[in-house]
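A quick write-up on the structure given underneath.
Residue numbers start at 1 and run along the sequence shown. Note that the structure is a prediction, hence the values are computed from the model and not measured.
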Amino acid sequence: MLQFGKSWCPRCKSTKPILDNVARSYAGRALIVPVDVEVNKDLVRDFRIRLIPTQIFLMPDRTEFFRHEGILREQQIIEVLGKMGVH
């Protein structure tokens, strides 16, 4: 999962503990990667990011499985990962 945001964005900052917890829980099974939109402008363009935070769940072949704009709660992230077959 990629989360697009900015380091100073209050909404993006508020999700950091959630992302850290999911990353720990799913270590070795899923990657949870924060992407700074100010640093990674190519990815912003490639993924057509319009709003932050935006989460994009990618399959291993890099196809997009699910996209969400705004804040996702931990349980919502876990549900999407489960639908992707990650348990």
Side-chain angles (χ1 to χ4, degrees):
M1 181 193 98
L2 304 175
Q3 174 161 291
F4 289 85
K6 293 182 181 180
S7 60
W8 53 264
C9 164
R11 292 179 356 168
C12 302
K13 283 179 167 180
S14 72
T15 64
K16 185 175 180 346
I18 294 168
L19 297 178
D20 290 346
N21 192 42
V22 173
R24 274 190 302 277
S25 297
Y26 283 82
R29 296 176 287 155
L31 293 174
I32 309 298
V33 180
V35 178
D36 189 318
V37 298
E38 294 179 319
V39 175
N40 299 287
K41 294 180 191 306
D42 289 346
L43 287 176
V44 171
R45 183 191 66 242
D46 293 347
F47 285 102
R48 301 171 314 282
I49 302 303
R50 303 174 303 161
L51 177 74
I52 58 170
T54 292
Q55 302 80 29
I56 298 179
F57 292 78
L58 299 173
M59 297 302 288
D61 65 0
R62 291 187 43 116
T63 58
E64 188 172 315
F65 180 82
F66 180 77
R67 174 184 293 242
H68 179 268
E69 294 177 332
I71 294 174
L72 273 178
R73 294 184 314 270
E74 185 169 344
Q75 187 57 41
Q76 292 172 301
I77 295 170
I78 291 168
E79 287 172 14
V80 174
L81 291 172
K83 289 177 183 176
M84 294 175 73
V86 180
H87 301 284

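If you take CG on Leu72 and CD on Glu79, they are separated by 10.0 Å, rounding to the nearest 0.5 Å. Between the CG atom of Leu81 and the CD1 atom of Ile32 there is a distance of 5.5 Å, given to the nearest 0.5 Å. Here the NZ atom belonging to Lys6 is positioned 5.0 Å from the CD1 atom belonging to Ile52, to the nearest 0.5 angstrom. If you take CD on Glu74 and CG on Asp20, they are separated by 10.5 Å, rounding to the nearest 0.5 Å. Interatomic distance, CZ of Arg62 versus CG of Asp46, reported as 8.0 Å (0.5 Å rounding). To the nearest 0.5 Å, the span separating NZ on Lys83 from CD1 on Ile78 amounts to 13.0 Å.
Residues Asp36 and Glu38 approach most closely at OD1-N, 2.8 Å, considering heavy atoms. Glu64 and Leu58 make their closest contact through CA-CD2, 3.8 Å (heavy atoms, listed as atom of the first residue, atom of the second, distance). When all heavy atoms of Arg67 and Thr54 are compared, the closest pair comes out as CG-CG2, 4.2 Å. Nearest approach of Cys12 to Gly5, heavy atoms of both residues: SG-CA, 3.5 Å. Nearest heavy atoms, Val37 versus Phe4: CG1-CB, 3.9 Å. Ala30 and Val86 get closest at one heavy-atom pair: CB-CG1, 4.2 Å.
Hydrophobic clustering of Ile, Leu, Val, Met, Phe, Trp and Tyr side chains at less than 4.5 Å, counting indirect connections, unites Leu31 with Leu43. Note on Val33 and Phe47: same hydrophobic cluster, where clusters join Ile, Leu, Val, Met, Phe, Trp and Tyr whose side-chain heavy atoms are under 4.5 Å apart, directly or indirectly. Hydrophobic clustering (side-chain heavy atoms under 4.5 Å, transitive across Ile, Leu, Val, Met, Phe, Trp, Tyr) groups Ile77 together with Met59.
Counting non-hydrogen atoms of neighbouring residues, nucleotides and ligands closer than 6.0 angstrom, the CZ atom of Arg45 exceeds 12 such neighbours. Residue Ile71 qualifies as enclosed at atom CD1: its count of foreign heavy atoms under 6.0 Å is above 12. Taking a 6.0 Å sphere around CZ of Arg29, one finds it holds more than 12 heavy atoms contributed by other residues, nucleotides or ligands.
The side chain to side chain donor-acceptor pair (under 3.5 Å) test applied to Arg11 returns no partner, not counting sequence neighbours. In terms of the ring-ring contact (aromatic ring centres under 6.0 Å, His included) criterion, residue partners of Phe57 (sequence neighbours excluded) are, by chain and number, Phe66.
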Could you walk me through whether Val80 and Gln76 pass side-chain contact (heavy atoms from CB on, under 4.5 Å), step by step?
-> CA-CA 6 Å; Val80 174; Gln76 292 172 301; 5.7 Å; no
Would you please test Thr15 and Gln3 for side-chain contact (heavy atoms from CB on, under 4.5 Å) and show each step?
-> CA-CA 9 Å; Thr15 64; Gln3 174 161 291; 2.6 Å; yes
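Using a distance-only test at 3.5 Å, with no hydrogens or angles considered, a donor-acceptor pair links the side chain of Ser25 to the main chain of Asn21.
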